[in-house]
Amino acid sequence: MIVLGIETTCDETAAAVIERAADGRARILSNIVLSQVADHAAYGGVVPEIAARAHVEAIDLIVAKAMGEAGKTYDQLDGIAAAAGPGLVGGVIVGLTTAKAIALVTKKPLVAVNHLEAHALTARLTDNTPFPYCLFLASGGHTQVVAVLGVGKYIRLGTTQDDAIGEAFDKTAKLLGLGYPGGPQVEKEALRGDAKRFTLPRPMQHRKDADFSFSGLKTALRLEAEKIAPLSDQDVADLCASFQQAVVDVVFDRLRAGLRLFRAEYGAPTALVAAGGVAANQPIRTVLRRLAAETGTVLIAPPLDLCTDNGAMIAWAGAERIALGLTDTLATAPRARWPLDEIAAAKGALKGTAAYK
Ligand code: KG4
Ligand code: ZN
């Protein structure tokens, strides 16, 4: 099965062609990503209007490039998948409309993919990971622990009460005058910093649930920075190192709780799977590997270019859905909000189950 995937939910215009064999094994035939980082850098974050316009300008070329590099014609496709949300709706419209147009002309099936589902299923694209597994989805917009039980079967075990983890990295970078996106900058600065210099809180530690909170950590960091301003280069590095260590400790503690909830309800997971841009962070990867080993499972962390937003993950999620006969109509609407687990989105629905005991 050969599927074209299109991703435009945030600040990457991406398209890819993948091949899925009958036994579920995958091959990435092309994976083109055009980052808009430079367009947004001056604003310290993604500007929706700029993003939407940049997607419109780039999408045709990126899709043509993905098809060309894969060496496939539209006739050879078995389906066209696009991320239909959640995300910045101006961008989502661009990708989804493009996919609809191709589907209409080629008379091939359309799959409207949930962007979070695509991150969740990436471990199957890269490692053929069997269900059920415990997913840690950590990006600029999301921090979730999810039980991935099957295609379309996701139970959210924990989430953040305020900032997403990548957002916390980005805000820290902004506060300290580092560039955007902040995660890689903070990680780089932390390398030459003293993680023990500042005492920062580890929010939510030791709670039974698997929820996160980063606003208190962010405030504590700001107060420490204000106390010693103006900041030297070493101060910045020490603040980054102390912040990153706090995040690493929080991730360890919260995921340990998440894995406990997982086991109580679904038995042993086949793996702990990391996904999303923050999974590119090496100290976080290291602590996840340690946690997996300690809890008798393995860590599956996709290569960095498949952790951050890309078209291959959309194409793969599309292929998984097509294999199960799950396709969408041309009337499918783009969605700014689209929780991975619609049930857990109404948290009350899960209260009383093991996940929220
Ligand atoms: O998944 P992603 O590419 O886009 C979405 O948010 O969907 O994730 C981007 C986020 C940004 O907040 C960025 O700062 C963070 O991932 N990030 C990192 C690292 N690389 C990217 N955070 C910490 N360490 C990194 N090395
Ligand atoms: Zn993403």
Side-chain angles (χ1 to χ4, degrees), residues 2-18 28-41 43 45-119 122 139-141 181 277 305-306 308-319 321-322 327-336 338:
I2 297 170
V3 178
L4 166 68
I6 298 175
E7 158 61 37
T8 54
T9 62
C10 192
D11 59 347
E12 262 103 25
T13 314
V17 179
I18 65 108
I28 297 175
L29 305 181
S30 64
N31 192 19
I32 312 292
V33 180
L34 177 70
S35 171
Q36 303 174 0
V37 159
D39 299 337
H40 301 286
Y43 305 93
V46 178
V47 184
E49 179 64 23
I50 293 176
R53 286 170 189 272
H55 285 305
V56 171
E57 282 168 20
I59 190 72
D60 290 349
L61 188 70
I62 297 299
V63 169
K65 232 175 149 177
M67 293 298 292
E69 231 174 69
K72 298 291 176 193
T73 63
Y74 288 102
D75 281 347
Q76 291 172 290
L77 295 177
D78 295 292
I80 296 100
L88 301 172
V89 82
V92 178
I93 289 171
V94 174
L96 185 57
T97 307
T98 303
K100 284 180 182 176
I102 298 170
L104 183 65
V105 171
T106 59
K107 300 189 175 63
K108 306 279 180 175
L110 170 79
V111 189
V113 169
N114 180 309
H115 176 93
L116 303 176
E117 173 173 54
H119 276 303
T122 299
S139 71
D305 60 334
L306 294 176
T308 50
D309 292 350
N310 64 86
M313 69 177 189
I314 305 297
W316 172 255
R321 291 196 150 259
I322 291 169
T327 60
D328 297 279
T329 71
L330 294 177
T332 304
R335 296 180 64 170
W338 188 2

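Within the structure, the ring pair (Phe, Tyr, Trp, His ring centres under 6.0 Å) test picks out no pair touching residues 46-68 (sequence neighbours left out). Applying the salt bridge (charged side-chain N to carboxylate O under 4.0 Å, His left out) test to every pair with at least one member in residues 47-71, sequence neighbours left out, gives these pairs: Glu49-Arg53. Among pairs with a residue in residues 93-111, none fulfils side chain to side chain donor-acceptor pair (under 3.5 Å), at least two apart in sequence or across chains.
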Please tabulate, for side-chain N and O atoms in residues 75-94, each donor-acceptor pair with protein atoms closer than 3.5 Å (sequence neighbours left out).
from: Gln76; atom 1: OE1; to: Thr73; atom 2: N; distance (Å): 2.8
from: Gln76; atom 1: OE1; to: Thr73; atom 2: OG1; distance (Å): 3.3
from: Asp78; atom 1: OD2; to: Ile2; atom 2: N; distance (Å): 2.6

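Side-chain contact between Tyr43 and Ile50: present, with at least one pair of heavy atoms (C-beta onward) separated by less than 4.5 Å. Proximity of Trp316 to Asn310: side-chain heavy atoms (C-beta onward) are nowhere separated by under 4.5 Å.
Leu61 pairs by the side chain to side chain contact (heavy atoms under 4.5 Å, CB included) definition with nothing, not counting sequence neighbours. For Glu12, the side chain to side chain donor-acceptor pair (under 3.5 Å) test picks out no residue, with sequence neighbours left out. For Ala58, the side chain to side chain contact (heavy atoms under 4.5 Å, CB included) partners two or more places apart in sequence, or in a different chain, are Thr13, Leu34, Ile62. Evaluation of the side chain to side chain contact (heavy atoms under 4.5 Å, CB included) rule for Ala118 yields Val113, Met313, Ile314, Ala317 as partners, not counting sequence neighbours. Taking Asp309 as the reference, His115, His119 meet the side chain to side chain donor-acceptor pair (under 3.5 Å) condition, with sequence neighbours excluded.
In this structure, the separation between CG on Leu104 and CG on Leu110 is 10.0 Å, given to the nearest 0.5 Å.
The two residues Ala333 and Leu96 come nearest to each other via the heavy atoms C-CD2, 3.9 Å. Nearest heavy atom pair, residue Ala66 against residue Ser30, reads O-OG, 2.7 Å.
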